[in-house]
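Data block below; observations after.
Scope of the values below: all heavy atoms of this structure, side chains included, with no hydrogens, waters or symmetry mates. Note that ligands are numbered from 1 as they come in the structure, with each ligand's atoms numbered from 1 the same way.
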Amino acid sequence: MGNIHVAIMMGSKSDLPTMEETAKIFKDMGVSYEMKVLSAHRTPRETAAYAEGLKDRGVKVVICGAGGSAALAGVVAAHTTLPVIGIPVESVLQGLDSLLSTVQMPPGVPVGAVAIGKAGAKNAALLAVRILALADENLNAKLRDYSDNQRQKILNEKV
Ligand code: RP5
């Protein structure tokens with residue numbers, strides 16, 4: 001894969017432990033990505049410029065994690081037509097603040113919000129892979145393997 005297929009953005013380096021869960025899945029599935037720290041409130045111009053340039057660079061999906069007053073996913077969605085997935089990062093209010101900030105977008109500026117924290121970070125990656133797999137049968141096979149492994153793990157559970 002020459003191009004970067006997914007851009008993973010986060011509002012602060014402190015979000016990295018959550019966002020690494022996203023990256024881990026892309027590494028396992030061989031999806032190319034880049035990670036970028038940009039803040040919706042503290043680097044607004046740079047955030048807009050980065051988001052505006054993604055489509056021309058061949059990026060297909062953007063994943064944004066932010067905590068607190070989490071504007072990043074919404075601001076990025078306002079500056080691109082690419083699908084944007086928002087991860088509410090845990091924060092002082094256990095991520096409820098981040099969740100509401102990420103999910104309550106005005107109609108017309110869509111953000112696909114996932115669960116708070118690491119569970120959301122994993123699902124954001126899997127959702128992005130599902131989007132990419134629409135045009136990539138090899139990736140689709142990896143998703144089927146992932147589901148099969150998950151299924152086997154449950155079936156092998158002894159209580
Ligand atoms: C950090 O502030 C958070 O975890 C989050 O990503 C970030 C939000 O940044 P702003 O866009 O509000 O500057 O503490």
Side-chain angles (χ1 to χ4, degrees), residues 1-134 136 139 142-143 146 150:
M1 283 188 205
N3 280 346
I4 298 293
H5 283 172
V6 184
I8 301 175
M9 302 176 68
M10 63 201 89
S12 158
K13 199 175 172 188
S14 63
D15 301 325
L16 191 56
T18 301
M19 304 309 287
E20 272 171 344
E21 297 294 325
T22 303
K24 224 181 276 172
I25 289 180
F26 291 144
K27 265 181 219 149
D28 289 349
M29 295 208 175
V31 172
S32 57
Y33 65 89
E34 71 179 16
M35 280 182 146
K36 185 89 183 159
V37 178
L38 279 171
S39 155
H41 299 123
R42 291 168 288 161
T43 58
R45 280 184 295 275
E46 292 82 357
T47 300
Y50 179 77
E52 279 166 1
L54 289 173
K55 200 165 195 300
D56 286 346
R57 292 176 52 212
V59 170
K60 306 287 185 220
V61 185
V62 193
I63 294 178
C64 299
S69 176
L72 186 61
V75 166
V76 169
H79 287 92
T80 182
T81 55
L82 292 172
V84 177
I85 302 171
I87 303 168
V89 173
E90 276 188 51
S91 60
V92 282
L93 300 181
Q94 284 78 48
L96 188 57
D97 43 356
S98 326
L99 174 66
L100 295 177
S101 304
T102 304
V103 79
Q104 290 290 12
M105 288 298 295
V109 188
V111 167
V114 291
I116 296 168
K118 292 185 176 180
K122 286 181 187 166
N123 276 346
L126 291 168
L127 189 52
V129 175
R130 286 184 178 208
I131 294 169
L132 296 171
L134 288 170
D136 185 338
L139 211 45
K142 290 181 185 175
L143 279 173
Y146 185 94
Q150 211 169 221

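- Salt-bridge formation is detected for the pair E34/R57: a Lys NZ or Arg NE/NH1/NH2 atom is positioned less than 4.0 Å from an Asp or Glu carboxylate oxygen.
- Note that CG of D15 and CD1 of I8 are 12.5 Å apart. Values are rounded to the nearest 0.5 Å.
- Around ligand 1, the residues contributing at least one heavy atom under 4.0 Å from the ligand are G11, S12, D15, S39, A40, H41, R42, A66, G67, S69.
- The shortest non-hydrogen separation linking K142 to M29 is NZ-O, 3.0 Å.
- Atom NZ of K122 has 12 or fewer neighbouring heavy atoms from other residues, nucleotides or ligands inside a 6.0 Å radius.
- Residues V89 and M10 fail the side-chain proximity criterion, which asks for heavy atoms closer than 4.5 Å.
- Side-chain atoms of K36 and Y50, non-hydrogen and from C-beta on, do get closer than 4.5 Å to each other.
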